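In what follows, every chain begins at residue 1, and chains take the letters A, B, ... in the order their sequences are listed. As the structure is a prediction and not an experimental result, all values here were calculated from the model.
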There are 2 protein chains.
Amino acid sequence: MADVARLAGVSSQTVSRVSTGHPGVVESTRQQVLAAMRQLGYRPNSAARALKRGEFRTLGVILFTLATTGNSRTVEAIAGYAAKEGYAITLIPVAAPTQDGVLGAFSRLGELAVDGIIVIMEVHLLDAANLNLPPGVQVVVVDSDAGDRYPVVDTDQADGARQAVRHLLELGHETVWHVTGPAESFASERRTQAWRRTLLEAGRAVPPVQRGDWTADSGYRAGLALAAEPECTAVFAANDQMALGLLRAFHERGRTVPGDVSIVGFDDIPDSSSFIPPLTTVHQDFAEVGRRCVQGLLRQIRNEPEGPGTVLVPTRMVVRASTAPPGSRRG
Amino acid sequence: MADVARLAGVSSQTVSRVSTGHPGVVESTRQQVLAAMRQLGYRPNSAARALKRGEFRTLGVILFTLATTGNSRTVEAIAGYAAKEGYAITLIPVAAPTQDGVLGAFSRLGELAVDGIIVIMEVHLLDAANLNLPPGVQVVVVDSDAGDRYPVVDTDQADGARQAVRHLLELGHETVWHVTGPAESFASERRTQAWRRTLLEAGRAVPPVQRGDWTADSGYRAGLALAAEPECTAVFAANDQMALGLLRAFHERGRTVPGDVSIVGFDDIPDSSSFIPPLTTVHQDFAEVGRRCVQGLLRQIRNEPEGPGTVLVPTRMVVRASTAPPGSRRG
DNA sequence: CTCCCGGATGTTTGCGTTAACATCACGCTC
DNA sequence: GAGCGTGATGTTAACGCAAACATCCGGGAG
């Protein structure tokens, strides 16, 4: 910076004013400084800037994996909105969804240059890690029920599941079977609860739950079990990938979809419109979730406190070709 | 830090020594300092640290989207290995795959606190953005052919495509049709080149290319066109999602897979084993790509220069149920 | 007993930036 | 024409930390 100042024949403070876009610099001076910057390849040192300002303009995102559609899409949206607000995103991967893994991530966190953190995981794992968040670092949580302790942003899992079940009931199915996700996922639990409640409210029987782990393979295994239940005519899968597995299992067992069995998924991943048949599913607005996360976190950082509470992003049914009235097998 | 020093009854330098793990601090003193740190919730200011050390311990990853399996898996691997080396990852999303978008990302880059950058995109887009990388910032590129200017790490696209085509030829197919990805993708172009060359080397006819855009939908449209070609018995899709679309198109047109038509994909996404039928595909080792990226970049940062050059990560065929000899339709 | 040496700890300084204050020149008013 | 205000620019200091150097202490050699 001193070099730039010297070359431009001004003081370093004037260089600073130019590079931060402060007013009160005459145009001719400004151009000289800009020229000197270019010539010397000057680039402000963000560490020094952060040191002086006391903030990093960076948000941390802590999560287990980018392998699920939901996580990667949410992170992408977060990164986009954060960039728009002048914030960068630092990824903090947790090695494994265990206490040790979380602990490791949070110890690294202490060293990190972030102004706030978005946590994408069930919050009881944080508790297990006897969460001592660095003071001054704000938090927003996704996929959790910690609405009484931290601000939470999430898809309206319950309403989404309710819509899925209602859709199947309205088509005339007696009841709806369910393939759930892993027990440690809050989203999965919420969807299962809502499925059960919706059936109960409609006075229907609640069939036993098939447990999966989000993967298509686990959906396939669940589908094999379900195909052996002759009275199973409608299934609500907790995500699209497990629905894909169901589709294959029913196909292999000669149970046509939607003729013999109707299937609804959750997420509306891009591929789901190309399943065989195209999948009826519950659309999640990951971009909106990301946006609300960043918005909430920045509001905290800027000291416009909101306190704990939950923001629910609505879902909507996307009806494609995997659902039909029961017993509508063609031919 | 001064507060901690006061509370522990030592100088701030001793606190610094403790927090950086320097030797030459007697155990009893160390414990006192540690206790004071805990009591005050002290956390070293990484901006100041970075300022003093002249490095940020952060790597930037610049890419268009996390929506493709390859990108998100690669980023995940990068983040994991970087963490292991004590580096954090900053995500730099590019709004759109246009010159403007890239330009915007690189202007933001100037402000960013990174020691090196991993670029996941075709490098000619960088050129378009008249790339003036901040001096002192190292670069590694993925999905590009810039091996003469930057170090490049990539999947061995050509060999993967060759394996796919050979597999189909060895099953007895006369030739292999191809659904390619978007023209601006280097990976896609490489796969297409290798497909063509392999056919030529085997003295086979080279059918016209169907162009897709990586999405299952585009694969579906290509599949519709291909289903109308009676002599088409084998298709190599440039990724698994387009293969999924092909599967649906052929299914809807009553062309059985693999009885009437064999299909090979590329990527080996987790879902591909649950397609109908389970997909034969080329497995990419994204984790290895990520590891090599980080390794190469850190080597540059640590001044163990390697210069430009290309690291190719091998692929392997995963044979499932979507390929068979031609005309093997059951029944 | 003195001197010296080495290990433990303290003091000083500067990393690059910007806020706050100081200065300076110019033009306007009375 | 003296005084004053305004806007442009310069000077100083501090952000938190750690490298370099300074100091202090105790113990062993002579």
Closest nucleotide among dC17(D), dG10(C), dG10(D) to the Arg49(B) side chain: dC17(D)
Side-chain N or O of Thr14(B) closer than 4.0 Å to phosphate OP1/OP2 of dG10(C): yes
Interatomic distance where CZ belongs to Arg6(A) and P belongs to dG16(C) [whole Å]: 12 Å
Whole angstrom value for the distance that separates P of dC17(D) from NE2 of His22(B): 15 Å
Touch class at under 4.0 angstrom, heavy-atom based, for Ser12(B) against every strand present: nothing
Rounded interatomic separation in angstrom, taking CZ from Phe56(B) and P from dC17(D): 17 Å
Heavy-atom side-chain proximity of Val61(B) to Thr90(B) below 4.5 angstrom: no
N/O (side chain, Thr29(B)) to phosphate O (OP1/OP2, dT9(C)) under 4.0 Å: yes
Glu288(A) with Arg291(A): basic N within carboxylate O range, under 4.0 Å: yes
Nucleotide nearest Asn45(B) when distance is taken to its side chain, options dG10(C), dG16(D), dT17(C): dG16(D)
Rounded interatomic separation in angstrom, taking NZ from Lys52(B) and C1' from dA14(D): 15 Å
Separation of dT9(D) P from Gln32(A) CD (nearest whole Å): 9 Å
Donor/acceptor link under 3.5 angstrom from Arg17(B) side chain onto base of dG10(C): yes
Between Arg49(B) and Ser16(B), a side-chain donor and acceptor under 3.5 Å: no
Any Arg53(A) side-chain nitrogen or oxygen under 4.0 Å from OP1 or OP2 of dC15(D): no
Whole angstrom value for the distance that separates P of dT9(C) from CZ of Arg30(B): 12 Å
Nucleotide of dT18(C), dG16(C), dC17(D) approaching Met1(A) most closely (side-chain heavy atoms): dT18(C)
Gln300(B) and Glu304(B): side chain donor to acceptor below 3.5 Å: no
Pair Arg302(B) + Glu85(B), salt bridge at N-O below 4.0 Å: yes
Between dG16(C) (C1') and Gln13(A) (CD): distance, integer Å: 12 Å
Any Ser16(B) side-chain nitrogen or oxygen under 4.0 Å from OP1 or OP2 of dG16(D): no
Sugar-phosphate only, base, or nothing, as touched by Val10(B) at under 4.0 Å among non-hydrogen atoms: sugar-phosphate
Whole-Å gap separating P (dA14(D)) and CG (Leu51(B)): 17 Å
